[in-house]
Amino acid sequence: MFDMSRVIEIVVVVVVLLSTVFLVWSSYTTSLLGKDFWVWLPFLGKMAKWSRGDERTGENNDSPETLIPVEKALYDYYKNGVPEITRKSFEQYRKYLVLAKQSDRKPMSRWTWATLFGLTVAEAFGTGALIAPLVSREITPDGALFIGAALALVLAVITLIFTHNAGHDLYHNSLVSHIAANFRQRGGFVVGGQDKPVEAIGVISPDMDQDKDELNAPLTRLAARLEIITLGDAKKKYLNIIAATTLILLAFVLSTWYRHDELNKHLDSEAVGMSSAPSSASAAGGTQSFQNMFSSPSTTGAAGDAPLPAAVAQAAHQSQKKATDAIISDKKNANDVGVLLLGVIYVFTQFLGVVTGYKYGFFGGNAEKAYKETMGYPAYDAFLKHVVKPVSQRATMRMTTLRNNLSSLNPSYRPGTFDFMKMYMADARPPRETVDSGDQPAGNGQSHEASGWSDEQMRALAEKTLSLPSREERASFVTSQHLSRKDLERFQSALTAAKEKRNAAEPAALSQEILDALGD
């Protein structure tokens, strides 16, 4: 019978559960939907608090650019979570990702996590239910279901951690292999226009000028951004790969063997039952089998029955055994296929976890930082359009509501100009550069970029500077390198040495020309 009250209870529980999940999620998320929910929420939301005003609500706002505290609170609330980044900084971070071979990578989305977790739990549930009876042979079906679910959750979490990290390590190893192979092939890192490779290079972080090593080979630039500054840093990671592979193979073999063994035991018991069924049926007053139809009274207890001839009885018994064996064999074959299919599904699910780990995530914290600043967008205009503009529109809409509420609270209130995009661009700052305390002159609070230039890079920079045709071009080129005071001193020395080398080479070349002319 259809129980309407039971359906209502289930619906209520589901609604409450989903609402709780949404509230918890929205309280911690930085997404626009979650943030706006806590502003819009009637009575308890931030709009209700802001609309009550503060000590300056009744004052006239004489300056159009000035926001009263509650207006500033609304602006800061919506701006929070949106990276404050200028166009120049954005392009710098984006170029770092391109040079680090990670411009097309991104973190795994929540939906992908949820899908992968659901697949893993669904597969692990069968394994958990299979293992549950081993805890206690006297366990009830409900208890087995509960223990199976708990085991499935634990197995899913452990497996996801290992497989996802194994995928990260595989991607890590692929990049490291290219760098190490190139290092061994060239005999070191190829720096600038130098013929002799170097053993070590400097690290280039996202906050540093990405053009400072433009003379270096592509794999050398990649290594600098992955913090592989010597061959010893090009180490591969195998721990998670070995752990994930061992876990997958062990779980596959043990679960497949256990399923196969349990099913075979069940079928063997079924075969014994089928063989003894005729005798049991006869003893219970049921229909006798053909071979016992004429059995003697001493055998069946029924007076006047004649025994079946031995040859006929033996043939009937062999026929029944053959039929039983055929039925059990077919069932075993079907069960073996089912067990193997479950094993393949398990391996595929874990392989999917490794693939997602390889595809998503970043090599090191610097690349992850650069992605967070750019939000994965290829251009600054796209970033403003898809990230900042929606927040600006929502904040402007809520600001209009807030100011209407404040005006109704105090008619003397005069709202000023509010331009979210303009304020955001004014608040955006360039990235904080790496500080080298030795480069700071006394009384100067400006920070300078730490020295990351090798001697070979300095010599190549000096050679390129001298090769430029005009003084203005040389000055502009050197200025664009953003050299620190220490590096500038080293550059001047390298420039002097390059000039001397060039001046010494010119007379030698002239002498050779004279000799060649005399030889003619």
Side-chain angles (χ1 to χ4, degrees), residues 10-38 40-41 80-83 102 104-132 145-172 240-241 243-245 247-248 251-252 255 341-363 365 367-369 371-372 374-377 386-387 390-391:
I10 295 175
V11 171
V12 171
V13 170
V14 170
V15 170
V16 172
L17 180 62
L18 292 177
S19 300
T20 303
V21 171
F22 177 76
L23 290 175
V24 173
W25 166 79
S26 61
S27 64
Y28 292 100
T29 186
T30 57
S31 68
L32 181 57
L33 176 62
K35 294 175 73 68
D36 195 57
F37 171 80
W38 285 108
W40 164 84
L41 187 65
N80 259 352
V82 179
Q102 300 182 70
D104 58 343
R105 297 182 68 81
K106 59 182 178 180
M108 195 159 72
S109 66
R110 294 187 182 95
W111 289 112
T112 307
W113 270 114
T115 302
L116 188 61
F117 184 76
L119 289 173
T120 308
V121 168
E123 199 288 326
F125 193 88
T127 305
L130 192 69
I131 299 174
L145 183 64
F146 176 78
I147 295 176
L151 288 173
L153 183 62
V154 173
L155 287 172
V157 172
I158 294 176
T159 305
L160 273 181
I161 291 174
F162 279 112
T163 56
H164 197 71
N165 289 338
H168 280 313
D169 288 355
L170 286 173
Y171 180 73
H172 173 279
N240 288 312
I241 298 174
T245 303
L247 178 64
I248 293 172
F252 169 74
S255 62
L341 183 60
L342 288 175
V344 170
I345 292 174
Y346 172 80
V347 173
F348 174 77
T349 304
Q350 308 316 316
F351 176 74
L352 192 62
V354 176
V355 170
T356 55
Y358 184 88
K359 181 178 179 181
Y360 297 100
F362 300 94
F363 188 119
E368 187 174 1
K369 173 187 176 182
Y371 176 86
K372 288 180 178 178
T374 61
M375 301 292 287
Y377 289 95
H386 294 96
V387 177
V391 177

Novice: For this output row, return yes or no: ring centroids of H168 and Y358 closer than 6.0 angstrom.
Specialist: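 Aromatic pair excluded; centres sit 6.0 Å or further apart.
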Novice: Is T374 reaching over with its side chain to a backbone N or O of Y377, donor-acceptor style, under 3.5 angstrom?
Specialist: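 A pair under 3.5 Å: no.
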Novice: Output, in order, the C-alpha distance, side-chain angles, deciding distance and verdict of side-chain contact (heavy atoms from CB on, under 4.5 Å) for Q102 and F363.
Specialist: CA-CA 8 Å; Q102 300 182 70; F363 188 119; 3.4 Å; yes
Novice: Supply the atom-to-atom distance L41 CG to D36 CG, rounded to the nearest 0.5 angstrom.
Specialist: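 With rounding to 0.5 Å, CG (L41) is 11.0 Å from CG (D36).
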Novice: Tell me every residue that passes side-chain contact (heavy atoms from CB on, under 4.5 Å) with F252, counting only those two or more places apart in sequence or in another chain.
Specialist: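 side-chain contact (heavy atoms from CB on, under 4.5 Å) list for F252, sorted by chain: T256, Y346, V347.
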Novice: Return the minimal non-hydrogen interatomic distance between L32 and P390, and the atom names on each side.
Specialist: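 Heavy-atom minimum between the residues: CD2-O, 3.7 Å.
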Novice: T163 side chain to T159 main-chain N or O, any donor-acceptor pair under 3.5 Å?
Specialist: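 Side chain of T163 to backbone of T159, a donor-acceptor pair under 3.5 Å: yes, one is there.
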Novice: Is N165 reaching over with its side chain to a backbone N or O of I161, donor-acceptor style, under 3.5 angstrom?
Specialist: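 Such a contact is found between N165 side chain and I161 backbone.
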Novice: Got a donor-acceptor contact below 3.5 angstrom from the R105 side chain to the F362 backbone?
Specialist: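 Not confirmed, R105 side chain does not pair with F362 backbone.
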Novice: Could you walk me through whether H164 and T356 pass side-chain contact (heavy atoms from CB on, under 4.5 Å), step by step?
Specialist: CA-CA 7 Å; H164 197 71; T356 55; 3.9 Å; yes
Novice: For P107 and Y360, which heavy atoms make the closest approach, and how far apart are they?
Specialist: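 Smallest heavy-atom distance, with atoms named: O-CD2, 3.7 Å.
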Novice: Do P83 and K372 have side-chain heavy atoms sitting under 4.5 Å apart?
Specialist: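 SC-SC contact between P83 and K372 ruled out.
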Novice: Cut-off 3.5 Å, side chains only: do T112 and T115 have a donor facing an acceptor?
Specialist: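 Result is no, nothing qualifies.
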Novice: Could you walk me through whether Q350 and L247 pass the side-chain contact (heavy atoms from CB on, under 4.5 Å) test, one step at a time?
Specialist: CA-CA 10 Å; Q350 308 316 316; L247 178 64; over 6 Å; no
Novice: Nearest 0.5 Å please: distance from the CG atom of L352 over to the CG atom of L116.
Specialist: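 Here the rounded value is 5.5 Å.
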Novice: CD1/I241 to CG/D169 distance, rounded to the nearest 0.5 angstrom?
Specialist: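 Between I241 CD1 and D169 CG, I get 5.0 Å after rounding to 0.5 Å.
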